[in-house]
> 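Okay, handing you the structure first.
Read the numbers this way: they start at 1 and go in the same order the structure lists the ligands and their atoms. Quick note: residue numbers are just sequence positions, from 1.
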Amino acid sequence: MHISDTNLTAMGALGVDHKAGVSLEQKTSLGIGGTSDILVIRRHEALPELIQLLKQAGVPYRFLGGGSNVLLPDGELPWVIVQLARQDPDIRFEGNSAWVDCAADLGRTVTTCAKRDLGGMEGLIGVPGTIGGALRMNAGAYGTQIGTFVREVKVFRAATGRIETLRGAEINFEYRHTSFALDDIMLSVRLELPSKPYSEILQGIRICNEKRRASQPLNQKSAGCIFKNPPGGSAGRMIDELGLKGHSVGDARVSDRHANFFVNAGHASQADMLALIADVRQRVQQRYGVELEEEVIVWKEA
Ligand code: EPU
């Protein structure tokens, strides 16, 4: 969606950067997505006013974080994209607490904390995306989930139009799910991390990296696991047992390496990926009687 010049003057005064006609393909790890204007917020405090301006002008918007767990439509998108600018510095320490900006890269946060002898998040090292994205879905790997460490979150609530600070105990963190509203925008978080010697944390990071490299298609375009694991089961194992590695619709393809990773092997469209998801889900349902739930967040036109 294109923003008109009349709206832009007011946004400029808020310190919002306008990027016109950006290809979203470049902004997602799946490499799928059409084009839209992007509004980049430099100061969190400007967000309530920006959202109000967009609402008044009748401009639909969607917030995009690191783009590592989303499946976007092709063509001209019907929303403008709102993003947070990277802050410098994006992390501040107070004892065992780290205040982290939500636009910060998750992996880099893990290593920056490690250098301060703050550990616990080693399992999250290879998870792509931002801190905000990790919070939204309670990202996890190798027995670690980010929610465990969350003590406070500063969040813009579209429902109230205000920035609020929530205590960790007020937020529900479950397996790949949180109690944040869909239109909440996470701004910063206070993580409380256990003290651990740097060398020990590095060792843990190395082990997780090796496990990930051995089992996941890290050099291909994907959104990580496409389905959540069903209770007590493994989506990857079921899809593999069905002989579906390499199965494809257009350029959307079940990874040969890990069957719960669907990769963009060329120029896959959202429709290709959705058709592959539907096909695999139906086959799993038929064989195992299990209805797989998507982990990837699908942006659909209304
Ligand atoms: N398996 C197969 N074939 C496959 C893939 C897996 O037989 O193609 C088997 C494995 O041998 C293993 C079992 O299935 O016995 C589980 O596989 P794996 O250890 O790879 O873990 P996963 O359950 O598939 C989960 C997370 C990953 C996370 C890893 C490591 C989900 C949906 N996935 O994968 O997270 O990295 O554990 O902790 O919870 C993600 O969320 O995007 C993601 C990649």
> Answer yes or no: does an N/O atom from E295 fall short of 3.5 Å to an N/O atom of ligand 1?
yes

> Once you restrict to heavy atoms under 4.0 Å, what part of S234 touches ligand 1? Side chain, backbone, both or neither.
side chain

> Going by heavy-atom distance to atom 15 (O) of ligand 1, choose the closest among M238, R237, K228.
R237

> Less than 4.5 Å apart, side chain to side chain, heavy atoms only: is that true for V40 and V16?
no

> Could you identify the single nearest non-hydrogen protein atom to atom 26 (C) of ligand 1 and state the distance to 0.1 Å?
R176 NH2, 3.4 Å

> Can you pull out the closest protein heavy atom to atom 31 (C) of ligand 1? Residue, atom name and distance to 0.1 Å, please.
Y175 OH, 3.4 Å

> Do me a favour and list the nearest non-hydrogen protein atom to atom 8 (O) of ligand 1 with residue, atom name and distance?
A259 N, 2.8 Å

> Would you say atom 37 (O) of ligand 1 makes contact with the protein, given that contact here means a non-hydrogen protein atom less than 4.0 Å away?
no

> Counting only heavy atoms on the protein side, is anything nearer than 4.0 Å to atom 10 (C) of ligand 1?
no

> Looking at atom 4 (C) of ligand 1, what's its closest protein heavy atom, distance included?
D240 OD2, 3.5 Å

> What protein heavy atom lies closest to atom 44 (C) of ligand 1? Include the residue and the distance to one decimal.
C225 SG, 3.2 Å

> Considering all protein heavy atoms, does one lie under 4.0 Å from atom 23 (O) of ligand 1?
yes

> Give the atom numbers and elements of ligand 1 that come within less than 4.0 Å of a heavy atom of G224.
42 (O)

> Is the count of non-hydrogen atoms from other residues, nucleotides or ligands lying under 6.0 Å from R162 atom CZ greater than 12?
no

> Which residue and non-hydrogen atom of the protein lie closest to atom 21 (O) of ligand 1, and at what distance in Å?
H258 NE2, 4.3 Å

> Would you check whether Q216 reaches within less than 4.0 Å of ligand 1, judged by its heavy atoms?
yes

> Starting from atom 25 (C) of ligand 1, what is the nearest protein heavy atom, named by residue and atom, and what distance separates them?
N229 ND2, 4.1 Å

> With respect to G143, determine whether any N or O atom, backbone or side chain, lies less than 3.5 Å from an N or O atom of ligand 1.
no

